[in-house]
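Worksheet: one structure, shown below.
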Amino acid sequence: MSRLKEFLFPLAAAFAIGAGVAYIMTDEFGMVSASLAAAGLAVLIVGLVAYLDQVKALFRARSSRYAGGAATYLVLVLAAVVALNYIGHKRSWRKDLTESQTYSLTDKSRKVVQSLTRDVSIQAFFQDGTPDRSQAEDLLKEYERASRGKLVVEFVDPYRNPARAKEMGISADATLVMRSGAGQTKVDSASEEALTNALVKVTSDRQPVVYCVKGHGEKDPQDAEASGLSQLKKALEDENYVVKDLTLIQLESVPEDAALVIGAGPRLKYFPQERERLASYLSGGGRALLLLDPESGGWEDWLKDWGVEPRDEVVIDPLAKMLGADYTIPLVSQYGDHEITKNFQYATFFPTARPLRVQPTPPAGVTVARLAETTPQSWAESNLSHPRLDAGDEKGPLPVAVAITKKVGSSGSEPGEDVEALGDNPGNDKGREARLVVVGDSDFGSNTYVNLSANLNLLMNMISWLSRQEALISIREKSPGFRSISMTTQQLQALALITLLLIPGSLLAAGVYVWWHRRHL
């Protein structure tokens, strides 16, 4: 029996090590690791009982009392460290000090996440130890922090859990499955844009429908050629919109499910019946985006009731020529104070744009906001064969985009009240307010120019505001800034002197002083 007692403590240690190894290999405290840990604890208790007399004697010794005090102190320190780490984990705080907020979510993503009204789960299938997984973890942690507990992320290694990957239909590494209620979608890119768009899609009960008017030479969302709008259509579908064609002459009215109507560069005049149907839609609280090129005539009288008049001129901008573009492609870097352009500080370009005239006193109930204005060097030109600034030409800044709201009806609610939350009914908001954005150019949204600078950002912000998806209005792209420090030769020499001589020399002198002082005690 005494021989067996000698193996009790080593056996308990072996069980404990086995439990740890089993936990590391399975990445969970399962049946095997729990059984080994329980066996180790049982053997340890048996060993303590077998050596009970020796244990009592050990605790009676003076050295044991000192050791016990030190152990108690150590346990208290460890407990404090564990408590602080737990509090830090639950109540973490961080600050992104980069100028462009490179390591933080964009305004768009933060708005979408913070407006979540129901739980969202993300299962991220990434192989352990890969750079892609590390980057995905950093990004998804930002989403979890911003969601205030509404979003939960779980990482799964598809190679160690093939059955689970097969169950979810995962055939490739770096794939995410996002769920919310009955909604589910897969994301094949752990980029912020893809994740935010998937969040909008999976949490929306309805898909806003965008109707594009056709029949008058408008730009076509199905057209992948240079003048088409296929890239805009893709951007809309990525943000959970449905894009449909609208032939006004064939219908009695605009469909009830319309989130907004887009007229992209009509070359022919609308029939009177079509204008009446569009006006009736807007008078019921509808929303429309009119992109009117210089050849889009016949809108002057109709838009007077909205406080704006398209002018039969073209904007000329010499600054664009200096930037390598044509002088008929004005640069816009001045934006009005409006939700669409809030914090918008990027340049946009409007090829062959017509200026808009804003009435000094708009009609009753109408509010007109200037969204985009050309540079002060620009002017409105009526003779493109000999473009030059004459005495009668109006100089810039010239508005090329305006946002208009108009009070319509009365339902006991203030215009725009309670419609800003993501996921509201995308149909008409009867009795609230009509919204209209007029742009003196349609080419800036075409496949040729939509990805030039921030054109797509501005266009999507217009559509988000019109469809009352204000949570999506933001700068959709960000790039890390670069900052360098310029130093003179004297400054570099001073820095080298401090880092290579002064600091090491101070440490050496302090060490010599301590040694000398102790030697003479």
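These figures come from a predicted structure and were not determined experimentally.
- Ile122 and Met178 make their closest contact through CD1-CE, 3.8 Å (heavy atoms, listed as atom of the first residue, atom of the second, distance).
- The shortest side-chain heavy-atom distance between Leu495 and Gln491 does not fall under the 4.5 Å cut-off.
- Salt-bridge formation is not detected for the pair Lys141/Glu137: no Lys NZ or Arg NE/NH1/NH2 atom is positioned less than 4.0 Å from an Asp or Glu carboxylate oxygen.
- Annotation: salt bridge (charged side-chain N to carboxylate O under 4.0 Å, His left out) contacts of Glu381 (sequence neighbours excluded): none.
- With respect to Lys234 and Glu237, no salt bridge is recorded, no charged nitrogen being found less than 4.0 Å from a carboxylate O.
- Distance alone, capped at 3.5 Å, is enough to place a donor-acceptor pair between the Asn447 side chain and the Glu225 backbone.
- Taking the six-membered ring for Trp and the full ring otherwise, Tyr449 and Phe444 have centroids separated by 6.0 Å or more.
- Side-chain atoms of Ser378 do not come within 3.5 Å of backbone N or O of Thr374 as any donor-acceptor pair.
- Using cut-offs of 30° and 60° on the angle between ring planes, the pair His517 and Tyr513 is parallel.
- For the pair Pro387 and Trp379, the tightest heavy-atom approach, listed with the atom from each and the gap, is C-CZ2, 4.2 Å.
- Residues passing the salt bridge (charged side-chain N to carboxylate O under 4.0 Å, His left out) test with Asp443 are Lys219, sequence neighbours excluded.
- Remark: the backbone N or O of Thr405 is not paired with any side-chain donor or acceptor of Arg435 at under 3.5 angstrom.
- Looking at Leu497 and Leu502, their side chains never come closer than 4.5 Å, going by heavy atoms from C-beta outward.
- A heavy-atom distance below 4.5 Å is found between the side chains of Arg370 and Val358.
- The aromatic rings of Phe126 and Phe155 lie tilted to each other, with the angle between the two planes from 30° to 60°.
- A salt bridge does not link Asp441 to Arg354: none of the charged nitrogens lies less than 4.0 Å from a carboxylate oxygen.
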